[in-house]
Amino acid sequence: MKMEYQIDWIFPVLRKHMYLWKIASSFTVAAVGLFSKILIGWMNNTKSYNTESFSKILEGRPSNVPLITVSNHHSCFDDPGIWSCLSLKNLLRSSRMRWSLAAHDICFTNTLHSYFFMLGKCIPVVRGKGVYQDAVNFCIEQLGRGNWVHVFPEGKVNISKEYMRMKWGVGRMIYESPVTPILVPIWHLGMDEVLPNEPPYIPKAGKRLTFNFGQPIDFNELVADLRRLKVTDEEARKAITDKIEEELLRLKEKTEQLHSSHHSS
């Protein structure tokens, strides 16, 4: 019999004990960030591109302007592994780090796991429940506070690495955010060699990794046009997600070239 995971209680508890949660979350985010920096940044051969530009956006955008990052999903360690190329002053600062969607049936399978991922600023998303579920609502709430949200728009680990249609949840986040977010696409290669997608799931060292942070995408004009044209919410989500998909695929090509050059150097 398939177990039904109860996740509705997680974030109401967070709000009732906000002070204690902030302390515990700070320790959790810092510990995971430091582990990622050691494993990905120091124990593997990692090359990152445009990290400084991304850090300027992360640190310097107005406090009311939210940030969304989107990336491909090749390994269960993509997040937090991607962030290992950030500076420690950002990586260890919980208030600045991302909120990230995480599969409820993988990361929130029991109370202990739920608290760990909750404190690590992960949001339980239920595959197949659509764009109006609690996880997406919570992301929009965080964007309304000017926070950073990371999304894997493929919706799951893409083991085959073949083309997958992007999910529309990120389109809803951008369209319904009180302030239109800055969006930065990211493409990475090699994470599935550090943490393979088959047992025994043991992290490995000495692998070649490439992280490529794309240029920020301004959605203000597109969102304004969609509202002026009075398109349906579904049409708006599709138009926004299609643009993200185009930019990610362009970034994919560039990153593959950089990764190949990285391998041959």
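As the structure is a computational prediction, the values presented were derived from the model and not from experiment.
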Trainee: Flag the pair Ser75 / Val194 as yes when at least one side-chain heavy-atom distance between them is below 4.5 Å, and no otherwise.
Mentor: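 No, their side chains stay 4.5 Å or more apart.
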Trainee: Report the relative orientation of the aromatic rings in Trp148 and Phe54; use parallel for angles under 30°, tilted for 30 to 60°, perpendicular for over 60°.
Mentor: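 Trp148 vs Phe54 ring planes: perpendicular.
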Trainee: Considering only NZ, NE, NH1 and NH2 on the basic side and carboxylate oxygens on the acidic side, decide whether Glu245 and Arg165 come within less than 4.0 Å.
Mentor: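 So Glu245 pairs with Arg165 through a salt bridge.
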Trainee: Is Arg250 salt-bridged to Glu247, going by a charged N under 4.0 Å from an acidic O?
Mentor: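 Between Glu247 and Arg250 there is a salt bridge, with a charged N closer than 4.0 Å to a carboxylate O.
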Trainee: Within the 4.5 Å heavy-atom criterion, are Trp187 and Thr210 side-chain neighbours or not?
Mentor: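 Trp187 vs Thr210: side chains apart.
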Trainee: Would you check if the side chain of Glu235 reaches a backbone N or O of Thr232 as a donor-acceptor pair within less than 3.5 Å?
Mentor: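 Present.
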Trainee: To check you understand the geometry: which heavy-atom pair defines the closest contact between Ile174 and Leu183, and what is its length?
Mentor: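 In terms of heavy atoms, the two residues are closest at CD1-CD1, 3.6 Å.
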Trainee: Within this structure, what is the NE2-CE distance for the pair His74 and Met191, rounded to the nearest 0.5 Å?
Mentor: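 Rounded to the nearest 0.5 Å, the NE2-CE separation comes to 11.0 Å.
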Trainee: Which distance, rounded to the nearest 0.5 Å, do you find between the OG1 of Thr241 and the CE of Met173?
Mentor: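 Rounded to the nearest 0.5 Å, the OG1-CE separation comes to 9.5 Å.
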Trainee: Before you tell me yes or no, could you show the steps for Ile123 and Cys139 under side chain to side chain contact (heavy atoms under 4.5 Å, CB included), namely the whole-Å CA-CA distance, both residues' side-chain angles and the distance that decides it to 0.1 Å?
Mentor: CA-CA 8 Å; Ile123 307 160; Cys139 287; 3.6 Å; yes
Trainee: Filter on salt bridge (charged side-chain N to carboxylate O under 4.0 Å, His left out), then keep only pairs touching residues 74-94, sequence neighbours left out; what's left?
Mentor: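 Non-adjacent pairs meeting salt bridge (charged side-chain N to carboxylate O under 4.0 Å, His left out): Glu59-Lys89, Asp79-Arg98.
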Trainee: Side chain to side chain contact (heavy atoms under 4.5 Å, CB included) for Ile244 and Phe219? Distances and angles first, verdict last.
Mentor: CA-CA 10 Å; Ile244 295 171; Phe219 279 96; 3.6 Å; yes
Trainee: With under 30° as parallel and over 60° as perpendicular, where do the rings of Phe211 and His188 fit, or are they tilted in between?
Mentor: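 Taking His188 first and then Phe211, their aromatic rings sit tilted (interplane angle of 30° to 60°).
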Trainee: Salt bridge or not for Lys129 and Asp134, using N-O below 4.0 Å?
Mentor: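 No, no charged N to carboxylate O under 4.0 Å.
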Trainee: Are side-chain heavy atoms of Thr46 and Cys85 found at a separation under 4.5 Å?
Mentor: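 Counting from C-beta outward, Thr46 and Cys85 never come under 4.5 Å.
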Trainee: So that I can tick it off, tell me whether Lys252 and Glu256 are bridged by a salt bridge, with the cut-off set at under 4.0 angstrom between side-chain N and carboxylate O.
Mentor: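 A salt bridge is present here (some side-chain N lies under 4.0 Å from a carboxylate O).
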Trainee: Using the side chain to side chain contact (heavy atoms under 4.5 Å, CB included) rule, take Trp99 and Leu143 through it: C-alpha gap first, then chi angles, then the decisive distance, then the call.
Mentor: CA-CA 10 Å; Trp99 286 92; Leu143 294 171; over 6 Å; no
Trainee: Is there a side-chain contact between Phe77 and Ser36 in this structure, where contact means two heavy atoms from C-beta onward sitting under 4.5 Å apart?
Mentor: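 The answer is yes, as the side chains (C-beta and beyond) meet within the 4.5 Å cut-off.
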Trainee: Give a yes or no on whether Ile140 and Trp168 share a hydrophobic cluster (residues Ile, Leu, Val, Met, Phe, Trp, Tyr; joining criterion: side-chain heavy atoms under 4.5 Å apart).
Mentor: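 In one cluster with Ile140: Trp168, no.
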Trainee: Backbone N or O of Gly81 within a donor-acceptor pair of the Ser84 side chain at under 3.5 Å?
Mentor: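 Yes.
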Trainee: Any side-chain heavy atom of Leu248 sitting closer than 4.5 Å to one from Met166?
Mentor: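 Heavy-atom side-chain distance check passes, below 4.5 Å.
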Trainee: Kindly list each side-chain donor-acceptor pair under 3.5 angstrom involving residues 221-228, sequence neighbours excluded, with atom names and distances?
Mentor:
from	atom 1	to	atom 2	distance (Å)
Asp225	OD1	Arg228	NH2	3.4
Arg227	NH2	Tyr175	O	2.4

Trainee: Do Pro185 and Ile217 have side chains that get closer than 4.5 Å, going by heavy atoms?
Mentor: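 Yes, their side chains come closer than 4.5 Å.
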Trainee: Whether the side chain of Lys37 engages the backbone of Leu86 through a donor-acceptor N/O pair (distance < 3.5 Å, no angle test) should be reported.
Mentor: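 Yes, Lys37 side chain to Leu86 backbone: donor-acceptor pair under 3.5 Å.
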Trainee: Does Val149 form a side chain to side chain contact (heavy atoms under 4.5 Å, CB included) with Phe138? I'd like the steps, not just the answer.
Mentor: CA-CA 10 Å; Val149 172; Phe138 188 87; over 6 Å; no
Trainee: In the single-linkage hydrophobic clustering (I, L, V, M, F, W, Y; side-chain heavy atoms under 4.5 Å), do Met43 and Leu209 co-cluster?
Mentor: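 Same cluster: Met43 reaches Leu209 through Ile, Leu, Val, Met, Phe, Trp or Tyr contacts under 4.5 Å.
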Trainee: Identify which one of Val136, Val151, Val131 satisfies the side chain to side chain contact (heavy atoms under 4.5 Å, CB included) criterion when paired with Val170.
Mentor: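 Testing Val170 for a side chain to side chain contact (heavy atoms under 4.5 Å, CB included) against Val136, Val151, Val131 leaves exactly one candidate, Val151.
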Trainee: Can you check whether Val29's main-chain N or O pairs, donor with acceptor, with Lys121's side chain at less than 3.5 Å?
Mentor: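 No: the side chain of Lys121 does not pair with the backbone of Val29.
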Trainee: Is it the case that one hydrophobic cluster holds both Ile202 and Ile40, taking links as side-chain heavy atoms less than 4.5 Å apart, direct or via other members?
Mentor: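 No.
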Trainee: Would a distance-only check, ignoring hydrogens and angles, find a side-chain to backbone donor-acceptor pair under 3.5 Å from Lys167 to Glu154?
Mentor: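 Between the backbone of Glu154 and the side chain of Lys167 there is no qualifying donor-acceptor contact (under 3.5 Å).
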Trainee: Examine Leu91 and Trp42 and state if one hydrophobic cluster contains both, with Ile, Leu, Val, Met, Phe, Trp and Tyr joined whenever side-chain heavy atoms are less than 4.5 Å apart.
Mentor: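 Yes, one cluster joins them.
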Trainee: Salt bridge between Glu141 and Arg145, side-chain N to carboxylate O under 4.0 Å?
Mentor: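 The answer is yes: the pair qualifies as a salt bridge.
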Trainee: Taking the side chain from Asn45 and the backbone from Arg208, do they hold a donor-acceptor pair closer than 3.5 Å?
Mentor: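 Not a single qualifying donor-acceptor pair exists.
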Trainee: Of Lys161, His73, Lys207, which meets side-chain hydrogen bond (donor to acceptor under 3.5 Å, both in side chains) against Asp192?
Mentor: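 That would be Lys161; it is the only one of Lys161, His73, Lys207 passing the side-chain hydrogen bond (donor to acceptor under 3.5 Å, both in side chains) with Asp192.
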Trainee: Same cluster or not: are Tyr132 and Ile240 linked, directly or through other Ile, Leu, Val, Met, Phe, Trp or Tyr residues, by side-chain heavy atoms under 4.5 angstrom apart?
Mentor: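 No; Ile240 is not reachable from Tyr132 via cluster members.
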Trainee: Please find the pair of heavy atoms, one from Val179 and one from Ser177, that lie closest to each other, and give the distance.
Mentor: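 Closest approach of Val179 to Ser177, heavy atoms only: O-OG, 2.6 Å.
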